[in-house]
Amino acid sequence: MKTIFSGIQPSGTLTIGNYLGAMKHFVDLQDENNCYFCIVDEHAITVPQDRLKLRENIRSLAALYLASGIDSDKSTLFIQSEVSAHTQLGWMMQSISYIGELERMTQFKDKTNGKEAVSSSLLTYPPLMAADILLYSTDIVPVGDDQKQHLELTRNLAQRFNNKFNDIFTIPEVSIPEVGARIMSLQEPTKKMSKSDVNVKASIFMLDDEKKIEKKIKSAVTDSEGIVTFDKENKPGISNLLTIHAICTGQSIKQLVERYDGKGYGEFKQDTADAVIKTLKPIQDRYYQLVESQELDDILDKGAEKANFAATKMLVKAKKAMGL
Ligand code: ADP
Ligand code: NA
């Protein structure tokens with residue numbers, strides 16, 4: 001049995017990028033593994049958040065995890081800030097990180113580009129992420145493509161700590177899906193879809209209703225060629241829709257390309273919208289039952305307790321190793 005850890009930021013309503021690239025895979029992993037799924041609220045505050053909105057997003061994310069199929073009997077679902085070992089080990093990880101290597105992270109460069117006021121935690125986000133993962137002796141971290149570089153840093157920090165102090169950390173492997181690892185923006189298909197994109201037309205949110213989904217997909221930026229083929233370089237818009245369509249229906253991209261041979265974008269987009277609606281509808285129904293329930297609070301309490309138990313054990317080892 002392997003230990004799995006992954007986190008999602010409560011920084012807005014999840015997009016189908018988060019779902020198809022990450023959450024959907026979490027659900028498949030939980031039967032055979034020891035899984036920790038975290039609501040990484042401390043990562044979310046590296047950029048300004050509205051207090052009430054953040055509270056709402058934390059709860060909404062918890063409900064979406066469960067509505068997507070995370071089973072609290074099989075997996076540990078918890079809020080990062082309710083397990084204080086994360087920031088404590090995060091500080092220790094910062095102490096063995098170099099400013100230079102943190103400044104080289106592409107996400108840091110992207111998020112600070114053109115900004116005047118940048119929080120220092122935006123720079124030290126990756127050592128906190130390393131702590132999140134290392135606290136649970138994680139073997140595998142299922143994430144989208146954008147987290148590859150952070151995972152590489154986590155592995156380096158774990159190795160550095162093990163060599164310098166004591167061999168206590170498991171070196172985690174990253175697991176990135178073959179299809180869907182990078183769902184692109186519907187409006188700028190060379191950019192990844194993100195829940196914090198200011199252009200709401202660029203993302204399909206997991207709680208969008210049928211009309212919105214249809215409208216967004218129909219107005220997705222494509223090209224004027226009129227041929228449904230997969231070519232990320234020259235046809236990023238159509239390739240992105242093919243990826244979304246393929247995962248939602250369980251068909252391969254090759255099958256879809258054959259099916260839409262000689263057909264226009266109109267029909268292809270309509271069918272893609274229908275496939276997304278069909279995928280999200282049952283999740284949305286369960287979400288609205290869960291989001292206001294007491295059951296949700298109970299699950300998060302139980303999750304925090306289980307996570308605290310495991311994390312504290314590792315924190316004690318790490319402190320001892322460092323001489324704290
Ligand atoms: P976001 O960038 O949307 O705020 P997070 O940083 O909270 O998302 O990431 C949560 C998970 O979703 C991570 O595993 C991340 O790799 C994955 N993810 C985020 N955006 C995408 C995307 N566009 N396509 C595929 N996976 C994604
Ligand atoms: Na991200």
Side-chain angles (χ1 to χ4, degrees), residues 4-29 35-49 53-54 57-58 60-62 64-65 68 70 77 79-80 105-111 121-122 125-126 128-130 132-133 138 140-154 172-200 202-208 216 220 232 236-237 239-248 276 279:
I4 311 280
F5 179 95
S6 202
I8 299 182
Q9 296 185 62
S11 49
T13 307
L14 295 208
T15 71
I16 53 163
N18 301 126
Y19 180 67
L20 302 176
M23 186 106 73
K24 190 174 187 290
H25 305 283
F26 300 171
V27 178
D28 299 334
L29 286 163
C35 294
Y36 291 89
F37 297 119
C38 190
I39 295 161
V40 289
D41 54 350
E42 287 161 338
H43 286 287
I45 61 167
T46 57
V47 297
Q49 300 288 343
K53 195 75 204 154
L54 181 59
N57 284 338
I58 290 170
S60 167
L61 176 51
L64 271 179
Y65 266 114
S68 297
I70 296 302
L77 175 66
I79 300 172
Q80 183 186 30
M105 295 290 117
T106 51
Q107 199 177 83
F108 174 71
K109 288 193 229 168
D110 290 347
K111 286 194 174 179
S121 64
L122 206 53
Y125 177 123
L128 178 59
M129 177 167 159
D132 299 338
I133 294 164
T138 302
I140 299 166
V141 186
V143 282
D145 191 49
D146 60 322
Q147 293 301 327
K148 210 169 162 178
Q149 198 186 28
H150 287 162
L151 243 298
E152 204 40 56
L153 183 75
T154 297
E173 302 282 338
V174 62
S175 164
I176 293 170
E178 263 168 53
V179 184
R182 188 174 282 261
I183 301 296
M184 310 308 277
S185 153
L186 298 181
Q187 290 301 314
E188 288 171 79
T190 50
K191 211 177 93 178
K192 81 154 197 166
M193 185 183 287
S194 170
K195 61 174 120 70
S196 41
D197 196 322
V198 285
N199 181 0
V200 292
S203 308
I204 295 172
F205 298 104
M206 286 183 75
L207 298 175
D208 278 350
K216 285 177 181 178
K232 267 191 189 170
S239 302
N240 189 38
L241 292 179
L242 272 168
T243 303
I244 294 169
H245 193 132
I247 314 177
C248 288
V276 172
T279 302

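The basis for the numbers below is simple: all heavy atoms, side chains too, and nothing from hydrogens, waters or symmetry mates. Residue numbers run from 1 in the order of the sequence given. A quick note: this is a predicted structure, and the numbers were derived from the prediction, not measured. Counting convention: from 1, in listed order, for ligands and their atoms alike.
- For Lys195 and Ser11, the side-chain atoms include at least one donor-acceptor pair closer than 3.5 Å.
- At least one N or O atom of Gly144, backbone or side chain, sits closer than 3.5 Å to an N or O atom of ligand 1.
- Neither the backbone nor the side chain of Ser6 comes within contact range of ligand 1; no heavy atom lies under 4.0 Å.
- Here is the list of ligand 1 atoms found below 4.0 Å of a heavy atom in Ala22: 11 (C), 12 (O), 14 (O).
- Near Ser194, with a cut-off below 4.0 Å to any heavy atom, the atoms of ligand 1 are 1 (P), 2 (O), 3 (O), 4 (O).
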task = Give the intermediate values and the outcome of salt bridge (Lys or Arg N to Asp or Glu O under 4.0 Å) for residues Asp145 and Lys192.
result = CA-CA 10 Å; Asp145 191 49; Lys192 81 154 197 166; over 6 Å; no
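- Of all atoms in ligand 1, numbered sequentially from 1 with element shown, those under 4.0 Å from a heavy atom of Gly21 are 25 (C), 26 (N).
- Of all non-hydrogen atoms in Ile176 and Ala181, the two that sit nearest each other are CG2-CB, 3.4 Å.
- Looking at Pro142 next to ligand 1, no N or O pair under 3.5 Å apart turns up.
- Shown in contact with Gly180 at under 4.0 Å from a heavy atom are these atoms of ligand 1, numbered in order with element: 25 (C).
- Within the structure, ligand 1 lacks Thr15 among the residues with a heavy atom less than 4.0 angstrom away.
- In terms of heavy atoms, Leu128 sits closest to Glu42 at CD2-CB, 4.1 Å.
- The two residues Phe5 and Val141 have their closest heavy-atom pair at O-CG1, 3.3 Å.
- Considering all non-hydrogen atoms of both residues, Ile247 and Val179 come closest at CD1-O, 3.7 Å.
- Note: an N/O pair closer than 3.5 Å links Lys195 and ligand 1 by distance alone.
- Contact between Pro142 and Leu29 at its shortest, heavy atoms only, is CG-CD1, 3.6 Å.
- For atom 15 (C) of ligand 1, the choice among Leu20, Asp146, Val143 with the nearest heavy atom turns out to be Asp146.
- Taking every heavy atom of both residues into account, Pro10 and Asn57 meet most closely at O-CB, 3.3 Å.
- Applying the 4.0 Å criterion to heavy atoms of Gln147 picks out, from ligand 1, the atoms 16 (O).
- Checking Met23, Met193, Lys192, His150 against atom 2 (O) of ligand 1, the nearest heavy atom belongs to Lys192.
- Close approach to Ile8 involves these atoms of ligand 1, each under 4.0 Å from a residue heavy atom: 7 (O), 10 (C).
- Taking distance alone, with nitrogen or oxygen atoms compared against 3.5 Å, Met184 stays at or beyond that limit from ligand 1.
- Ring geometry, Tyr125 versus His150: the interplanar angle falls from 30° to 60°, so the pair is classed tilted.
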